[in-house]
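Structure first, then comments.
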Amino acid sequence: MTQHKFITVIAAVCACFVASSLNAATIPAGTTLTVSTASSVSSQDPVGRTFAAQLDQDVAVKGTVLLKAGTKAFGKIKSSRANARKSEPLTLELTSISVNGRDVAVKTNSFQPGTPPRTARQARHGHTAGTLVVSPGTKLQFQLAQAATF
């Protein structure tokens, strides 16, 4: 009797796993994700600060829409001018997309949303000048560096 219950439980677990796998969809590496920022980002913000965005366009693979426009996305600042000793251009990356109430991690390329002005001296030493602000509603494009399964 106990063995029969054990086999029934294992069969149910396997059936659930197969069912969830059938609903999973993979977006290949290299796919472009266009987002609109939902919060502002500044080149003076610290590295690691997160920002909110939403997909600006549907994401389709082989004609099937896998992610709808308006889907929430989140990113972080990879580099900025916040550290005066290591002044770098503002660089952003997407880190997750919210699908069915859960955040799915994604790995994208880095994106530099414009270049603040440089002085000649700063250009020689690789430093940037001025403050760059990305306003809410700004469209940014990222490419998936790795395939993402949703």
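- Under the rule for a side-chain hydrogen bond (donor to acceptor under 3.5 Å, both in side chains), the partners of Ser79 that lie at least two apart in sequence or sit in another chain are Thr91.
- By the rule that hydrophobic residues join a cluster once side-chain heavy atoms approach within less than 4.5 Å of another member, Leu33 and Phe150 end up as members of one cluster.
- A side-chain donor-acceptor contact under 3.5 Å links Lys78 and Ser110.
- In this structure, a donor-acceptor pair under 3.5 Å is absent between the side chains of Ser80 and Asp45.
- Put simply, the side chain of Asn109 never gets that close to the backbone of Phe142: no donor and acceptor are under 3.5 Å apart.
- Between the CZ atom of Arg49 and the NZ atom of Lys76 there is a distance of 13.5 Å, given to the nearest 0.5 Å.
- Leu66 is connected to Val106 through a chain of hydrophobic side-chain contacts under 4.5 Å among Ile, Leu, Val, Met, Phe, Trp and Tyr, so both are in one cluster.
- Panel note: side chain Ser43, backbone Leu132; a donor-acceptor pair is recorded below 3.5 Å.
- Residue Leu67 is tested with Thr31, Val59, Val104 for a side-chain contact (heavy atoms from CB on, under 4.5 Å); the sole match is Val59.
- In this structure, Lys68 does not pair ionically with Asp58, as no charged nitrogen and carboxylate oxygen lie closer than 4.0 Å.
- A donor-acceptor pair under 3.5 Å links the side-chain atoms of Thr108 to the main chain of Leu94, judged by distance alone.
- Within the 4.5 Å cutoff, the side chain of Ser135 has no heavy atoms near those of the Ser40 side chain.
- In this structure, Thr138 contributes its side chain and Thr37 its backbone to no donor-acceptor pair below 3.5 Å.
- Under the rule for a side-chain hydrogen bond (donor to acceptor under 3.5 Å, both in side chains), Lys107 has no partner lying at least two apart in sequence or in another chain.
- Interatomic distance, Gln57 CD to Lys139 NZ, rounded to the nearest 0.5 Å: 8.5 Å.
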Exercise for the section: Mind running side chain to side chain contact (heavy atoms under 4.5 Å, CB included) on Ser42 and Val134 for me, showing each step along the way? Expected result: CA-CA 6 Å; Ser42 166; Val134 177; over 6 Å; no
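- Exactly one of Leu140, Leu90, Val35 qualifies for a side-chain contact (heavy atoms from CB on, under 4.5 Å) with Phe111. That residue is Leu140.
- With salt bridges taken as basic N to acidic carboxylate O contacts below 4.0 Å, none links Arg81 and Glu88.
- Considering all non-hydrogen atoms of both residues, Gln112 and Pro89 come closest at NE2-CG, 3.5 Å.
- Residue Val65 is not grouped with residue Leu55 when hydrophobic side chains (ILVMFWY) are merged at heavy-atom distances under 4.5 angstrom, including chains of intermediate members.
- The same ILVMFWY cluster, assembled from side-chain heavy atoms under 4.5 Å apart, contains both Leu92 and Leu144.
- Atom CD of Glu93 sits about 15.5 Å away from atom CZ of Phe74, to the nearest 0.5 Å.
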Handout entry: side-chain hydrogen bond (donor to acceptor under 3.5 Å, both in side chains) between Thr26 and Thr149, worked out
Key = CA-CA 4 Å; Thr26 300; Thr149 301; 3.1 Å; yes
